[in-house]
Structures are given as C-alpha cells and as structure tokens.
**Q** 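The following block contains the structure, expressed as structure tokens.
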Amino acid sequence: MTIKLLIADVDGTMVTKDKVLTARTCEAVARLRASGVMFTVTSGRPPRGMAGLVAALKLTDPLAAFNGGVYVKPDLTTVLEQRTIPPDVARAAVDYLLQAGLDVWVYQGADWFLRSPEAFRVARERNNVGFDPVIIADLHRVLDAPIKLVGVSEDTALVARCEAELAMRLGTEASAARSTPYYVDVTHPEANKGMVVREAARILEIPLEQIAAIGDMSNDLPMLTTAGLGIAMGNASAEVQRFARHVTRTNDEDGFAYAVDAFILGQPPRARTRLGLPPRTRACLFGLDGVLTQTSSFHARAWKQLCDYYLVQRARASGQPFIPFDLVRDYSRYFDGKPPLEDLRAFLDSRAIALPESTVRALNDRKAAVLVELLRQERVETYEGAVRYVQAARAAGLRTAVVSPSRHCDEMLRSAGIADLFDARLDAAPPHELYLAAARALGVGSEEAVVFEDAPAGVAAARAAHFAYVIGVDRLGRPAELRRHGADVVVADPAALLEQDGTSHLALEAAH
C-alpha cells in the first residue's frame, strides 16, 4: 500500500504533554515531504490556534480546524469548507453542559467566547491557541452559527458521562466526543475526523487507501478507521489502539517521528522480497478453509444434512411445511466465514426458530459428527497455489501455522495430506484468539507475522490484533469487502505473491 498523504492530530500526537513541537517531529515532516508524501494536520483548535504549526512545519496543504468544522488553506483565512451547528441545537447543548456543572466555551467565526477568564484550563488553552478569549456573560448571544462548543471540567468522569448523554440527546443533529479527558467537543455531525479524511481525499484527489492517519483520542477513531492506514499513539487508550493498524511510541517519546520512519517510510517495496512480504516477517499464519483447502462444500453438506434432519422433524411435529436448507443461498448467507454457533443462530433466526442455548450447542455438536463422517468418506482438496506458497515460505526459513474456527483442523489437514507443512495448528476458537495464539505458539510477535485470510471477519480480527501484514485471499470475487475490513493487499491466490518470470509484486498488487 503506497501512502501519499499523512494526516496527524495535534495535541497528544504532534506535540508533547508540554505542548512542545520537537525537532525530531519537524525533521520527520521534512522527510515525508522529501519522499513525496504530503502532510497535513487536523485539530480541535481554531484556525488561528494553528499558526505556529503552519510556520514550524512549513505546511502547504489544506488544514482541518475544529476537528473538521472548518477547512482552510495554510494562510488560515481562506475557508474551503465550513460546517456550523444549528442555533437551536447549540442552545440545547450549552444549557445541558452548564446544568451538568461544566464550563462552556463557544467558537464562532474567528473568536473564542467564554464566561470567566479564570476558569479551569482557560490559561492553558490561551497558551495553546495563541490568542485571548472574548468574555461574555450570556453565551446565547453568540450561538448564531457556532463551529464548536466545548464542555470543560477537571472531573474527567463527569466529562465522560456528559459525552455519552449528549451523544444520545443530540442524535443526528450534532456530535459529541472527548478531545482530551477534560474536554467534550460538540460539533456539526459531519465535523468529525472521519470526514476530514474523506474531504482530504476529495480535495487532493487521493484514494482513501493511500491516506494514513495518526492520533491518540477517541475523537481520532473515525479518521484512524477511515484512512487506509491508521496509527495510534503509545499514549492512546486501549480502545483507540485496538482499532489502529499500528501502535507507535508516546508523544513524549517522539512517537510521531517513530511512526513516520517505521510505518510510512521504513519499509522497502514488497518487490524486493521474494515472497512479497514485509522484510521483518518471521512467520506466516494461514486460515484453513478457503485459503488452503476447498472445504466449503464439506461444511455446506454437513449443515444441510443437520438442518434438514431437524427441519423435517419440526415440520412433522408442527404440521408446518418443510422448507429444506438451500445448499448455496443459506450456506453463503448464514454460515460461510461466520463464527461457530453464531452461524447456526443466524440461520435459525431466519426461520423464526428460537431454541435454548443447550439445544443450539447440541445441534452444532451433531453437525460436527456429520462433518467427521464426510471427511472419512472423501479426500479434502487443496488449492495448489496456496500449498506451493507455504512450501516456499518454509524454504525461506519462515515459521508457519494454520488456524480454523472449526474443531476439525487436524482431520482436514490429514485428509488433504499437508499436515507436515505447519509448525502449529490451532482450532475451535474465534479468529482473533486463534491468530494471536498461533503467533505465540511460533514464538513471534504480531508485528513479525503475516496473516492469510479469506473471510472478512477474519481479516478484521487480524487487523484489530495489529499483525504486521494482512493478505486477503479472494476466492469469491469480493476484493473490495476484504480491503474494507483491513486487508493490506488482496490476491486470488497466495501464489500470486511469488516472483514469477520477473514480475514484480507491486505489479501483481496493482492487478488486484
């Protein structure tokens, strides 16, 4: 994935806890520019409060102030786009915040309005933005077209409660999100950092997958998940880190500069590695069904036998017509790639059947017995290209593991004749647990392992677990869905990553 633009949050990301823009951070931005990667920032700050950043970082691309409420050119006065809060919604939000015991700031036009210059965090904010607030007793007088409201309190638990309550009260009229533990920001619903990424893609004509974003707070989550590459700071919460592609160091450890070097500029093109993988890769983790083996038909037939048996018995007892399990439609809609038990529950829901959990589990166990019998009768077929890739990975000295949410991984591997190609085999657990357990079994960290997965849910699980690289294997003609769930690259078969006849991996990726 080639990154053409990096969008960074400011407070908690670009600057230290003491609001210092370090030399290493400035140098990292210069390296981006020298490498042809565009760079810009987004912040809850007003445009006037970003003047120091523009000068120090020599910014030339549009900036998003007020978390996307205003898009301005680097001159900070030319407005490209602006989203304000409707006056009646703003009044309701201000009244709620004041009644809850928070101080309130209003940003409208180029000014910052508040009631008391001695209130909590005002002096700090004045230092951050570089200009003084306008003191006004009645905030309702400046709610004609506010761009951002801020509820402020040193009681961080209260701020968190107000964020949740406001989000519920405002509905689709406005959004509420904490920008720091002490601030809850209220903005136009489209003034969020996810829209910052989308607007940047539109204005600069760059595909979303070629944009990277880095941040630390929950209000950064929309941009981390919208951009093709999301990076969380080391000082970010566990929730923010869980949704990011990579986690860097903290803002007091020059985490931004480290991320630029390690995740944006640090990897040579995949064409330089024979297997088409990041150079630091030490292990390959493969999903079984759909990646290595052609076992969907086994699972589909096992489910049909089980479901038809149950549906026939139910039809006889109730006098209702018997509608058989559809081998294609029902299996693809409710079972293919779905977690165990969830698939059966979804199918039963589609037939308006409610069963006790014990009965659902008993049916699932019965299906397993049917599957074992099918495996005894027939040989599991493999995907030749995938097997060839596993062999090439092992020949290159990489460790290999195979995972399957089904409890019959060993039986399928033996039936297919490929059990000896894997150093670890894990099954009967959700994908995120399986892949992490497989990495541990091989003695590698997730940042050193690559996942090959054909199911969107499996791709998303690998992405959430911060694996170094996630390869979507597209057997069903849904590459966009696999990319949307977090695949770095999508191939029809892993063998497409191998060097063949001098073809580069970059060309192979472009073809898909």
**Q** Mind checking ring pair (Phe, Tyr, Trp, His ring centres under 6.0 Å) for Tyr435 and listing every partner two or more places apart, or none if nothing turns up?
**A** none

**Q** Tell me, please, which residues at least two apart from Arg316 pass side-chain hydrogen bond (donor to acceptor under 3.5 Å, both in side chains).
**A**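 Residues passing side-chain hydrogen bond (donor to acceptor under 3.5 Å, both in side chains) with Arg316: none at all.
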
**Q** For residues Thr382 and Thr293, is any side-chain donor paired with an opposing acceptor at under 3.5 Å?
**A**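 Thr293 and Thr382 do not have a side-chain donor-acceptor pair below 3.5 Å.
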
**Q** Would you mind checking if Asp220 and Lys193 are paired as a salt bridge, meaning a charged N to carboxylate O distance below 4.0 Å?
**A** yes

**Q** What pairs of donor and acceptor atoms, side-chain ones from residues 362-370 against any protein atom, are under 3.5 angstrom apart with sequence neighbours left out?
**A**
unit_1, atom_1, unit_2, atom_2, d
Asp365, OD1, Arg407, NH1, 3.3
Asp365, OD1, Arg407, NH2, 3.2
Lys367, NZ, His299, ND1, 2.9

**Q** Any Lys/Arg nitrogen of Arg345 or Glu357 sitting under 4.0 Å from an Asp/Glu carboxylate oxygen of the other?
**A** yes

**Q** Under 3.5 Å, side chain of Ser318 to main-chain N/O of Gln320, donor-acceptor pair present?
**A** yes

**Q** For the residue pair Ala401 and Leu442, what are the closest heavy atoms and their distance?
**A** CB-CD1, 3.8 Å

**Q** Which residue pairs pass the salt bridge (charged side-chain N to carboxylate O under 4.0 Å, His left out) test when at least one of the two sits in residues 422-441, sequence neighbours left out?
**A**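 Passing the test, one end in residues 422-441: Arg394-Asp423, Arg399-Asp423, Asp410-Arg425.
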
**Q** Are Arg484 and Glu209 ion-paired here, with the side-chain N under 4.0 Å from a carboxylate O?
**A**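 No.
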
**Q** With no hydrogens and no angle check, is any side-chain donor or acceptor of Thr226 less than 3.5 Å from a backbone partner on Pro222?
**A**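 Answer holds: yes.
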
**Q** By side-chain hydrogen bond (donor to acceptor under 3.5 Å, both in side chains), which residues pair with Glu384, not counting sequence neighbours?
**A** Arg388

**Q** Can you tell me if Glu453 uses its side chain to pair, donor with acceptor, with the backbone of Val459 under 3.5 Å?
**A** no

**Q** With sequence neighbours left out, what residues match Arg379 under side-chain hydrogen bond (donor to acceptor under 3.5 Å, both in side chains)?
**A** none

**Q** Using a strict threshold of under 4.0 Å (side-chain N to carboxylate O), is an ion pair present between Arg463 and Asp488?
**A**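 Salt bridge: yes.
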
**Q** Using a strict cut-off of less than 4.0 Å between a Lys/Arg side-chain nitrogen and an Asp/Glu carboxylate oxygen, indicate whether Arg475 and Asp289 qualify as a salt bridge.
**A** no

**Q** For Phe66, give me all partners under ring pair (Phe, Tyr, Trp, His ring centres under 6.0 Å), at least two apart in sequence or on another chain.
**A**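 By the ring pair (Phe, Tyr, Trp, His ring centres under 6.0 Å) rule, Phe66 matches Tyr107.
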
**Q** Between the main-chain N or O of Val380 and the side-chain N or O of Ser415, is there a donor-acceptor pair closer than 3.5 Å?
**A** yes

**Q** Can you list everything that forms a ring pair (Phe, Tyr, Trp, His ring centres under 6.0 Å) with Phe325? Sequence neighbours excluded, please.
**A** Phe335, Phe347

**Q** What pairs with Gln305 under side-chain hydrogen bond (donor to acceptor under 3.5 Å, both in side chains), at least two apart in sequence or on another chain?
**A** none

**Q** What is the minimum heavy-atom distance between Met233 and Phe256, and which atoms define it?
**A**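 Smallest heavy-atom distance, with atoms named: CE-N, 3.9 Å.
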
**Q** Who are the side-chain contact (heavy atoms from CB on, under 4.5 Å) partners of Leu5, not counting sequence neighbours?
**A** Ile7, Met38, Thr40, Ala200, Leu204, Ile206, Ile211

**Q** Applying salt bridge (charged side-chain N to carboxylate O under 4.0 Å, His left out), which residue pairs with at least one partner in residues 177-186 are found, sequence neighbours left out?
**A**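 Non-adjacent pairs meeting salt bridge (charged side-chain N to carboxylate O under 4.0 Å, His left out): Lys148-Asp185, Glu163-Arg178.
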
**Q** Are any of the side-chain heavy atoms of Asn251 and Thr13 separated by less than 4.5 Å?
**A** no

**Q** If the condition is ring pair (Phe, Tyr, Trp, His ring centres under 6.0 Å), which residues does Phe452 pass it with, not counting sequence neighbours?
**A** Phe286, Tyr389

**Q** Yes or no on salt bridge (charged side-chain N to carboxylate O under 4.0 Å, His left out) for Arg301 and Glu373, after CA distance, side-chain angles and deciding distance?
**A** CA-CA 11 Å; Arg301 284 182 288 150; Glu373 185 59 33; over 6 Å; no

**Q** Donor-acceptor check, side chain of Thr248 to backbone of Gly255, threshold 3.5 angstrom: yes or no?
**A**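 Yes; judged by distance alone, with no hydrogens or angles, the pair exists.
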
**Q** Write down the atom of Leu355, the atom of Thr359, and the distance for their closest heavy-atom approach.
**A**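 Minimum heavy-atom separation between Leu355 and Thr359: CD1-CG2, 4.0 Å.
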
